[in-house]
Protein chains: 2
Amino acid sequence: MGVTKTEHFTDTQNEMAILIKALAHPARIAIMEYLCEVNSCICGEIVNELPLSQPTISQHLKELKNAGLIKGTVEGTSICYCIDEKGIAKLQTYFNQFATQFLDKKQCC
Amino acid sequence: MGVTKTEHFTDTQNEMAILIKALAHPARIAIMEYLCEVNSCICGEIVNELPLSQPTISQHLKELKNAGLIKGTVEGTSICYCIDEKGIAKLQTYFNQFATQFLDKKQCC
DNA sequence: TCTTTTTATCGTAATATTGCAATATAATTA
DNA sequence: TAATTATATTGCAATATTACGATAAAAAGA
C-alpha cells in the first residue's frame, strides 16, 4: 500500500490535490510569500533568504513549477522565478466557491 | 533526514502548511466536498460514499479534524461530522489576501 | 448480559517526502 | 580554453504518509 488511490477520485479532485500538495510545506509557502513580496523576480536569492541548502531549495522550486504555481525564465547563468498567476487563481477560485457553497447551505452542526 | 525543518519558518507559515497539508489528498478533498454537498451532517455514510476502507476513512477524518477543517459530534453509536467554518475561512482568507497582494504588485514575468 | 452497530486504534507493508553532500550542467567571463 | 557562477540532478538516509486487516471500544437494543 502507501500509494494514493487516485483512480477512484474525479479529475478535478486529483488536480486540486496536486496543486494543494505543492503548497503543503512551510518552505514552499515561504518561497511563494517571498516571491510575492519582492516586486522584482529574484532568482537564487531565495537560497540566501531561506535556511535550507541550495539543492533542497532547487527541489522545492521544481515542485512548485511542476504544479504550475511558479514560472522560471533563464537569464544568463541565473534563473528568474516568479509566481504563476493561473495557479494562484485556481486555488483562490476553489476556496471561494467552496466557502460560498458551504455558506449557502445551513449545516447542522 | 526526511523531517521538515519547521523551526526555521514563521508560526503562520507552519500553521498554514498544516492546514493546507490536511487537504493535500484527493480522499480528504472528496470528504470535504461530500460534507459540503449533503445538506445534513452524514456520518459513516462517507464510508459508503468513498471507495476506501472504514479504517482508512476514519484516519482521513481524524486528520481533517485535527487540522480544524471538520467537527464531529457523537450521536448514539454513530458520529456526525460536518465542516468547520473556521478552517475553510482561514484558507479562503489566505488565498484571497495572497492573490490581492500579488495583483497589486506588477510582477516582471 | 449478550448482540449488534458504528467508529477508532493497532500493527504493518508499501510508497512518498524531506534534506543534503557530492557532482553535473550550462552560461558567462577572464 | 579555463575558471567562475548559478542552478539542477543523483544518491542516499531519515522520516512521513497511505492503506487496510485485525481488533478494540462504546453506545443501543434484544
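So you know, we letter chains A, B, ... as the sequences are listed, proteins then strands, and number each from 1. Remember, it's a predicted structure, so these values are computed and weren't measured experimentally.
In this structure, CD of A:E75 is placed 19 Å from P of C:dA26, rounded to the nearest angstrom. Between the CD1 atom of B:I31 and the C1' atom of D:dT18 there is a distance of 13 Å, rounded to whole Å. A straight line from CG of B:L61 to P of D:dC20 spans 14 Å, rounded to a whole angstrom. For the pair B:L64 CG and C:dA8 C1', the interatomic distance rounds to 15 Å; values are reported in whole Å.
Note on A:H60: every side-chain N or O is 4.0 Å or more away from OP1 and OP2 of C:dT17. Between A:Y81 and D:dA6 there is no side-chain N or O to OP1 or OP2 distance below 4.0 Å. Taking side-chain N and O atoms only, B:K62 has a distance below 4.0 Å to OP1 or OP2 of C:dT9.
Formation of a donor-acceptor pair under 3.5 Å by the B:S58 side chain with backbone atoms of B:Q54 is not found in this model. Put simply, the side chain of A:R28 never gets that close to the backbone of A:L23: no donor and acceptor are under 3.5 Å apart. Side chain of A:N14 to backbone of A:T6: a donor-acceptor contact under 3.5 angstrom is found.
No side-chain heavy atom of B:T93 sits less than 4.5 Å from a side-chain heavy atom of B:F98. For the pair B:K65/B:Y81, a side-chain contact is recorded, criterion being any heavy-atom separation below 4.5 Å from C-beta on. Residues A:L69 and A:L91 meet the side-chain proximity criterion, which asks for heavy atoms closer than 4.5 Å.
By the neighbour-count criterion of 12 heavy atoms within 6.0 Å, atom CD of B:E63 is densely surrounded, having more than that number from other residues, nucleotides or ligands.
Backbone-only engagement by A:E63 is indicated by non-hydrogen atom pairs under 4.0 Å involving sugar-phosphate atoms exclusively.
At a cut-off of 3.5 Å, with distance as the only test, a side-chain donor of B:Q13 or B:T10 sits close to an acceptor on the other residue.
Distances from the side chain of B:K5 to the nucleotides D:dA27, C:dC20, D:dT5 place C:dC20 closest. Residue B:Q59 places its side chain closer to D:dA19 than to any other of C:dA16, D:dA19, D:dA27.
Contacts between residues 51-58 of chain B and DNA chain C, counted as heavy-atom distances below 4.0 Å, involve B:Q54, B:P55, B:S58. Heavy-atom distances under 4.0 Å link DNA chain C to no residue of residues 6-30 of chain B.
Between B:H25 and B:H60, the ring planes lie tilted relative to each other; the angle falls in the 30° to 60° range.
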